[in-house]
Amino acid sequence: MKILVLNCGSSSFKYQLIDMNGEVVLAKGLVERIGIGGSKIKHVKTGIEPVSREVDFSNHTVAIKYVLDMLTDPEYGVLKNLSELSAVGHRIVHGGEKFTKSVLVTPEVISAIEEVIPLAPLHNPANIQGVRALMEVLPNTPNVVVFDTAFHQTMPPKAYMYGIQYKYYEEDRVRRYGFHGTSHFYVANRAAEILGKPIESLKIVTCHLGNGSSITAVDDGKSVDTSLGYGTAEGIIMGTRSGNLDPSVMVFLMEKLKDPKLVNEEVQKKSGLQGISGISSDLRDIEKAAEDGNERAKLAQDMLVYDVKKYIGSYSAGMGGIDALVFTAGIGENGISFREEVCKGLEFMGIKIDSEKNKVRGQEVVFSTPDSRVAVMVIPTDEEMVIARDTKRCCGA
Ligand code: AMP
């Protein structure tokens with residue numbers, strides 16, 4: 001069974017073609033600048049040199065048709081014809097409270113995704129665009145939608161409610177939703193597999209740390225708390241997002257900037273590592289500048305490490321201890337000194353690391369010492385594989 005996984009943004013999308021027989025990635029690629037001029041595609045057939053082309057993609061449908069042609073191309077393709085494609089899995093950012101798991105696309109499902117557009121005004125419309133384009137080009141191929149929020153729907157109300165009047169939840173659905181759910185799900189389950197224990201017996205803190213970041217408490221295989229909330233700026237300091245703020249700071253910004261749009265831009269795009277350091281949103285640049293003596297870069301670096309430590313501590317307290325701590329995504333998979341700094345001083349809670357074993361980038365490793373009570377691990381995330389597996393399951397295969 002061959003499945004196409006699509007992660008569609010407003011002017012770009014990523015794709016992967018996966019053969020579920022052995023879970024092998026046959027091809028993948030990235031299409032950028034759709035509808036805004038200068039559009040291009042980078043296509044990689046596993047095992048041969050990548051191809052990059054500049055092609056005029058006026059909309060998503062045109063771009064998807066081109067990708068399907070690439071996938072069936074005699075030289076760069078991996079399919080004899082499109083009838084070999086069994087289904088398409090789509091990443092959808094927000095499923096509100098309605099979607100607790102992945103589902104086959106029907107007209108009702110599309111309407112329900114549209115209903116929660118106010119909760120993800122930038123992402124959901126772009127995600128739906130991908131689904132619609134696929135339905136237009138391949139009307140007989142089943143589509144499955146997989147939600148970033150679904151894994152977190154197991155959180156209890158004490159974790160997802162905010163301490164404001166209850167009516168805002170009842171009338172407007174203001175609550176914590178959480179994001180990066182497919183990633184947290186994947187690494188938590190992979191951690192259990194690596195440890196050779198049933199996930200139901202484990203309490204795990206998963207740290208998805210990239211440009212956007214979130215930390216999740218996983219108990220009994222279920223998300224019981226997560227650091228991103230109603231929107232995508234809560235929790236730890238991120239590349240350009242503020243992380244937690246006193247509500248009074250939001251009131252201050254509102255009075256100073258006088259426009260909710262500007263306040264949103266401030267906390268989403270001008271804050272975080274970028275805002276504090278004034279240098280970059282990328283931890284590599286921050287680490288380099290801090291090493292060269294830049295004090296604001298050092299402050300940004302320290303704030304990130306401190307935030308992550310605080311979440312590990314609070315989620316461990318919430319769950320009554322932890323068995324495993326997992327790092328994933330760009331910073332989690334590659335930040336060697338960052339991981340070392342986060343774990344430093346956590347020996348009191350049974351976290352002891354082996355600095356030599358920690359010296360890896362982008363590969364699975366358990367880097368705690370054999371006598372550490374908590375297994376500390378790096379697990380590269382694989383959201384596409386979760387989407388492909390769910391797509392297969394929803395198609396009854
Ligand atoms: P992601 O959003 O998961 O692609 O993560 C991107 C982020 O990973 C970048 O902005 C960097 O801050 C971070 N990153 C990537 N490589 C490294 C590295 N070698 N050391 C520290 N941070 C890294």
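When a ligand or atom number is given, it counts from 1 through the structure's own listing order.
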S281 N/O under 3.5 Å from ligand 1 N/O: no
Identity and distance of the protein heavy atom lying nearest atom 19 (N) of ligand 1: R361 NH1, 3.2 Å
Protein residue, atom and distance nearest to atom 3 (O) of ligand 1, heavy-atom basis: G330 N, 2.9 Å
R175 and its salt bridge (charged side-chain N to carboxylate O under 4.0 Å, His left out) partner, picked from E97, E234, E170: E97
Nearest neighbour of atom 16 (N) of ligand 1 from the list N334, L273, I336, D285, on a heavy-atom basis: N334
Test item: S372 side-chain N/O and G350 main-chain N/O as donor-acceptor pair under 3.5 Å: yes
Shortest protein heavy-atom distance from atom 2 (O) of ligand 1, along with the residue and atom involved: N211 N, 2.9 Å
Polar contact flag, side-chain donor to acceptor under 3.5 angstrom, D225-Y311: no
Atom pair OG (S355) and CZ (R339), whose distance is rounded to the nearest 0.5 Å: 11.0 Å
Under-4.0 Å salt bridge between R393 and D390: yes
Top protein contact for atom 15 (C) of ligand 1, by heavy-atom distance: R284 CZ, 3.5 Å
Within-cutoff protein neighbour (heavy atom, under 4.0 Å) for atom 12 (O) of ligand 1: yes
Parallel, tilted or perpendicular: ring planes of H94 versus F179, cut at 30 and 60 degrees: perpendicular
Enumerated ligand 1 atoms positioned under 4.0 Å from heavy atoms of G210: 1 (P), 2 (O), 3 (O), 5 (O)
Residue and atom name of the nearest protein heavy atom (relative to atom 9 (C) of ligand 1), distance in Å to one decimal: D282 OD2, 3.7 Å
